[in-house]
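Working notes for the structure below.
Residue numbering restarts at 1 for every chain, and letters A, B, ... go by the order of the sequence lines.
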Protein chains: 2
Amino acid sequence: MQENYDCVMENLATNPLIEKLKLLMDLTDDEVQVILDLSFKTQKLPKGQSLIPSNSENVSLVMDGWACRYKILSDGRRQITSFILPGDLTGVRACLFGVSDFDTETLTDCVTTLIDGKDIARLFYEAPRLAAAVTWASAREEAMLTEHVVSLGRRNARERMAHLFLELHSRLEIVGFVEKLAYGMPITQEMIADCLGLSIVHVNRTLKAMRKEGLLEYYNGYVILKNAKKLRSICGYDSNHLEGTLHPEIADYDPDA
Amino acid sequence: MQENYDCVMENLATNPLIEKLKLLMDLTDDEVQVILDLSFKTQKLPKGQSLIPSNSENVSLVMDGWACRYKILSDGRRQITSFILPGDLTGVRACLFGVSDFDTETLTDCVTTLIDGKDIARLFYEAPRLAAAVTWASAREEAMLTEHVVSLGRRNARERMAHLFLELHSRLEIVGFVEKLAYGMPITQEMIADCLGLSIVHVNRTLKAMRKEGLLEYYNGYVILKNAKKLRSICGYDSNHLEGTLHPEIADYDPDA
DNA sequence: CTTCGACATTCACATATGTTAACGCGCTTA
DNA sequence: TAAGCGCGTTAACATATGTGAATGTCGAAG
């Protein structure tokens, strides 16, 4: 079921995690190498699998494909709490702090690499700048969740969808997965519904209306933002929450000073 | 407006941040002292103020009182993304990574202490175990936000309220602010509404129904969970997401090994 | 004692969104 | 070629929750 798939890592320039971290700080060549060395196993995961077996000692880094974190209530209702895109790490909390309180599932075939949780833990002693980078990635998740809370709590269906499509565009752009205002979104309307706290039918209704207004196209797993400006004004979108700059005290630390 | 208020720190045993961190790991005496030394200014903040002036270089630790993080949409709708209770740090992300994407406000008079962001940043080099603890606190926020997303996305008003009251009970218990099944909740129904994505009227309706069923009492800023078991079964509550154990690689690190 | 304002509480009514159930289309598989 | 299945699309109808407005209560301020 899972075969090795080594060619993916060849082109270092396109490692999506590194692209993402560059947004936070300049990485030295050594640090890039440390990050690359973290991965000990690259694998292909088919659609519909868990990204990490529960109680795993490992962290998973998605290189290609889409996955999600979700929770299921006792009666079957499902809430997707976040989409996991290339460059995203999953399982850091479970590894570092022994708590895992959601499940993950690949929404498409995915290419992932596994990282030993121990190696992430060691960063705190051996590469504080990278430990801070991991903390940042976690804080960024937190910021996205905050936006998600705002959407679910106070935005209507139209606004929620606008926000989702714009945020996905921002995130994918950072890791090099968009072409201008278009990007692949290889998931089902049911998944959008489970993410936005809506019913499938209402997602479909809302999508239809937005298409009709010329706001966006969405077919065949492809999204085109036809009127990004209006979409932004609909939901008050702002991509600040995805950004960051490392505190100089960490970025420029000099142990001799 | 803000006066010094030094007596609060006298009883080290009741520093709520330390109580919280004990949940994650055993703290050495030295570490406890480092944490205590972080605070450089204790102050009283009246109700209705921002916990941290925006663009602050500081982190704020709440010692007593309630506050919240929130976002306001352009037309005035408000979403409270989380309640900030004693022992909680705010502004870590803003300090460490230069991004702050929400506002904070005290919901009651608060006693807070300020911590220089530099000192938090230095932990990554000088006290990796404590840096990990800060990362944990952030990951715990993330877990609470995840639960919040689930509530807003897939739980109805009754379930949302049950979950909120139970989670607050768990959180306050950890820092020593509950008496059995009762605790002070000195906020307005409007704030509950803004937190749970409901209207004031509906919060009131739902509260009335829950009181009538003998699930809880709620008056005069006091909550009593009359039937915690049933409340738990209503929303499938579980407090795992508040817990944690530090990865042994960090907890027991031996640089000589 | 009176006034006023902040909150809680209700009521009547409005509406965004959910539910159930069809139907069609394009794959895959036999 | 036909059957089956996943998914998108619609329609008719149901309901949880929102809205607007009035009333009550209590404490603070004068």
Base contacts versus sugar-phosphate-only contacts with protein, heavy atoms under 4.0 Å: please encode nucleotides 9-20 of chain C as B, S and - from 5' to 3'. BBBB----SBBB

Tell me the interatomic distance from B:Ile187, atom CD1, to C:dA6, atom C1', rounded to whole angstroms. 15 Å

Looking at B:Arg154 and A:Arg77, would you say the former's side chain and the latter's main chain have a donor-acceptor pair under 3.5 Å? no

Taking the side chain from B:Ser151 and the backbone from B:Arg160, do they hold a donor-acceptor pair closer than 3.5 Å? no

Whole-Å distance between C:dC7 P and B:Ile192 CD1? 13 Å

Nearest-angstrom distance from the residue atom CD of B:Glu190 to P of D:dT19: 12 Å

Using the ring of each side chain (for Trp, its six-membered ring), is B:His163 parallel, tilted or perpendicular to B:Tyr237, with breaks at 30° and 60°? perpendicular

Could A:Arg78 and A:Tyr70 be counted as a cation-pi pair, given that NZ or CZ must be under 6.0 Å from the ring centre and within 45° of the axis? yes

Give the intermediate values and the outcome of side chain to side chain contact (heavy atoms under 4.5 Å, CB included) for residues A:Leu85 and A:Leu168. CA-CA 9 Å; A:Leu85 306 180; A:Leu168 287 171; 4.0 Å; yes

Donor-acceptor under 3.5 Å (A:Ser39 side chain, A:Leu114 main chain): no

Between CG of B:Leu152 and P of D:dT17 the distance, given in whole Å, is 12 Å

d(NZ, A:Lys47; C1', C:dC27) in whole Å: 12 Å

